[in-house]
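Got a structure for you, questions after.
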Amino acid sequence: MKIATYNVNGVNGRLPVLLRWLKEAKPDVVCLQELKAPQEKFPLEAINEAGYQAIWHGQKSWNGVAILSAGAELKEVRRDLPGDAEDLQSRYIEAIVNDMVIGCLYLPNGNPYPGPKFDYKLGWFKRFSEHAKKLLDKGVPAILTGDFNVMPTEKDVYKPERWINDALFREEVREAYKLLVDQGWTDAIRKLYPEETIYTFWDYFRNAYGRDAGLRIDHFLLSPQIEKRLIGAGVNREVRGWEKTSDHAPVWIEIK
DNA sequence: ATGCCCCCGTGCCGGGGA
């Protein structure tokens, strides 16, 4: 079973790229982020025609997350991150698919540092970690995946020294990611490829993709039951080279 | 220190992204 995550950077502007990738990669379950579309403008018909059912939580202009499933039933659990009724940003949606919890997240960017957006990022991270801990404590097979907006280590940045004070790499944020993983999650890409340089995002600026000046910020965190079933993982980096493409590439795992 | 590129919309500029 193949599960993928893809920050599409506008689900309607990216629809041809998304449909082509679905057809070529044939993932069973897909988590999407940055829909940048209100609830009623999600392209459900095209996605149904591609063979997927979907649940999503849209928002005008920004954010927005979705979960797609090809065959297996998709049972929505929640469409918001618990812990702050005033937080109206669409950044989390969770479903049960094949008896697994699938959490699809779009963690706040947090720039500029310092400032209120950075504080919001740390607050969101804390709420997310509390929710993640509850999932582990329940002992259910779970996958948390999406755009974490964190490069976990220096290996995950083309030039770490340039990113020290960026909200994606600040020590507080890396520490928050480490604390989350240390609850008992496994970073799927690093489990299979501990030393490789692997990126999931390349800026539109400065020919970043051509220079391979990338970041690894889209992650798969697996609960112990899923980690035992992990048989493959990778990045469809060629998709980043397509016309009218997102600045992120799809990331996938295969479990037995 | 900033723009580069690209998305979206109370749209032809500005905010946000990372």
side-chain hydrogen bond (donor to acceptor under 3.5 Å, both in side chains): pairs with one or both residues in residues 41-50 of chain A, sequence neighbours excluded: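 Of all non-adjacent pairs touching residues 41-50 of chain A, none passes side-chain hydrogen bond (donor to acceptor under 3.5 Å, both in side chains).
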
Atom of Q33(A), atom of L105(A) and distance for their closest heavy-atom approach: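 It is CG-O, 3.3 Å.
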
Take the protein atom CG of L107(A) and the nucleotide atom C1' of dG17(B), then report the distance between them rounded to whole Å. 14 Å

Apart from L215(A) itself, what residues make up its hydrophobic cluster, given side-chain heavy atom links below 4.5 Å?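 M151(A), V157(A), Y158(A), W163(A), I164(A), L168(A), F169(A), Y199(A), F201(A), W202(A), Y209(A), I217(A), listed by chain and number.
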
For the P atoms, the ones on dC4(B) and on dG14(B), what distance do you get once it is rounded to whole angstrom? 13 Å

Remaining members of the apolar cluster that contains I47(A), side-chain heavy atoms under 4.5 Å: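 I47(A) shares its hydrophobic cluster with Y6(A), V8(A), V11(A), L15(A), V17(A), L18(A), L19(A), W21(A), L22(A), V30(A), L32(A), L35(A), F42(A), L44(A), Y52(A), W56(A), L68(A), V239(A), W242(A).
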
Give me each pair satisfying salt bridge (charged side-chain N to carboxylate O under 4.0 Å, His left out) with a member in residues 235-249 of chain A, each pair once, sequence neighbours excluded.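 Sorted pair list: D212(A)-R237(A).
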
What's the gap between dC8(B) and dG3(B) when it is taken at their P atoms, as a whole Å value?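 Looking at atom P only, dC8(B) and dG3(B) are 22 Å apart.
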
Any base atoms under 4.0 Å from N63(A), or only sugar-phosphate, or nothing? Heavy atoms, all strands. nothing

Between dC5(B) and dA1(B), how far apart are the two P atoms, rounded to whole Å? 22 Å

Could you state the atom-to-atom distance from CG of N111(A) to P of dT2(B) in whole Å? 13 Å

Within the 4.0 Å heavy-atom criterion, would you say Y113(A) contacts the bases, only the backbone, or no part of the nucleic acid?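 Y113(A): no heavy atom of the nucleic acid under 4.0 Å.
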
Can you check the distance between dC12(B) and dC7(B), where both ends of the measurement are the C1' atom (answer in whole Å)? 15 Å

Test of understanding: with side-chain hydrogen bond (donor to acceptor under 3.5 Å, both in side chains), list the residues that count as partners of E175(A), not counting sequence neighbours.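 Result, side-chain hydrogen bond (donor to acceptor under 3.5 Å, both in side chains) vs E175(A): none returned.
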
Any idea which heavy atoms bring A25(A) and N236(A) closest together, and the distance?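 That closest heavy-atom pairing would be CB-OD1, 4.1 Å.
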
Rounding to the closest angstrom, what is the interatomic distance between dC6(B) and dT2(B) at atom P? 22 Å

Just the dot-bracket of DNA chain B, please: which string comes out with Watson-Crick or G-U pairs under 3.5 Å, [ ] for crossing, | for another strand? ....(((((...))))).

If a protein heavy atom is under 4.0 Å from the base, mark B; if only from the sugar-phosphate, S; if neither, -; do that for nucleotides 6-16 of chain B going 5' to 3'. SBSSB-----B

Considering every strand and a 4.0 Å limit on heavy-atom distances, what is the contact class for D218(A): base, sugar-phosphate, or nothing?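 Here D218(A) touches no strand at all.
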
With heavy atoms under 4.0 Å as the rule, sort D166(A) into base, sugar-phosphate or nothing. nothing

Results of side-chain contact (heavy atoms from CB on, under 4.5 Å) for R78(A) - residues two or more places apart only: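 Here the qualifying residues are P82(A), Y92(A), E94(A), H131(A).
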
Pairing residues for Q225(A) by the side-chain contact (heavy atoms from CB on, under 4.5 Å) criterion, not counting sequence neighbours: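 If we apply the side-chain contact (heavy atoms from CB on, under 4.5 Å) test to Q225(A), skipping adjacent residues, the hits are P141(A), S223(A).
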
